[in-house]
Amino acid sequence: MDTKKIEAVINHFYKAVYSNNRQAFYGMLANSFKDRVSLEEFNRYRQYRMIDIGRLEKVEKIQEDVDKILVTCKIKIRENTVTHVYHLIEERGEYYLISDSFMFAK
């Protein structure tokens, strides 16, 4: 497990969100998501619109689970600091985010 590479994935993810770069955001998602949702659908449907998920304050902990990597982050959302755990998976030597409801509009 390459913790520097994993931390870079989280930082790039937030950079894509901050800059509203939907193609970069989509590219960072696991293949299990991309196999179900094409980039065209991702760009078209409201349920996949990008929302304000706050500002990344820091990556607190990276740990391996059975089939994924758990990345605990401190995030500033408006006036509150919250903790969120992202799940990553390694595919072909690269790390990708497993999509979750925190990332998308309801």
Could you check Phe13 against Ile53 for side chain to side chain contact (heavy atoms under 4.5 Å, CB included), going step by step and ending with a plain yes or no? CA-CA 11 Å; Phe13 168 69; Ile53 59 171; 3.5 Å; yes

How far does [atom1] of [X] sit from [atom2] of [Y], to the nearest 0.5 angstrom?
| X | Y | atom1 | atom2 | value |
| --- | --- | --- | --- | --- |
| Ile89 | Asp67 | CD1 | CG | 6.5 Å |
| Leu56 | Lys74 | CG | NZ | 12.0 Å |
| Thr83 | Glu60 | OG1 | CD | 5.5 Å |
| Phe42 | Phe25 | CZ | CZ | 4.5 Å |
| Ile6 | Leu97 | CD1 | CG | 11.0 Å |
| Glu91 | Asn31 | CD | CG | 4.0 Å |

Which atom pair, heavy atoms only, marks the closest approach of [X] to [Y]?
| X | Y | result |
| --- | --- | --- |
| Lys61 | Gln63 | CE-OE1, 3.0 Å |
| Gly54 | Ile77 | CA-CG1, 3.8 Å |
| Val9 | Met28 | O-CE, 3.0 Å |

Return yes when atom NZ of Lys76 has more than 12 non-hydrogen atoms of other residues, nucleotides or ligands closer than 6.0 Å, and no otherwise.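 Enclosed.
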
Tell me, yes or no, whether the heavy-atom count around Arg44 atom CZ, taken from other residues, nucleotides or ligands under 6.0 Å, exceeds 12.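 Yes - once you tally the heavy atoms of other residues, nucleotides and ligands closer than 6.0 Å, there are more than 12.
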
Glu64: side chain to side chain donor-acceptor pair (under 3.5 Å) partners, not counting sequence neighbours: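 Partners of Glu64 by the side chain to side chain donor-acceptor pair (under 3.5 Å) criterion come out as none, since no residue qualifies.
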
[Y] backbone acceptor or donor facing [X] side chain under 3.5 Å:
| X | Y | answer |
| --- | --- | --- |
| Glu7 | Val59 | no |
| Lys34 | Gly27 | yes |
| Tyr96 | Ser32 | no |

Give a yes or no on whether Val85 and Phe33 share a hydrophobic cluster (residues Ile, Leu, Val, Met, Phe, Trp, Tyr; joining criterion: side-chain heavy atoms under 4.5 Å apart).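 No: no chain of side-chain contacts under 4.5 Å links Val85 to Phe33.
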
Check for me, please, whether Leu70 and Ile62 land in the same ILVMFWY cluster - side-chain distances under 4.5 Å, paths through other members count.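 No, separate clusters.
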
Determine, stepwise, if the pair Asp2 / Tyr95 fulfils side chain to side chain contact (heavy atoms under 4.5 Å, CB included). CA-CA 9 Å; Asp2 185 340; Tyr95 297 102; 4.1 Å; yes

Any Ile75 side-chain heavy atom under 4.5 Å of Tyr14 side chain: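 Contact flag for Ile75/Tyr14 side chains = yes.
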
Answer yes when Glu94 and Lys5 have at least one side-chain N-carboxylate O distance shorter than 4.0 Å, and no when they do not.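 Yes, this pair counts.
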
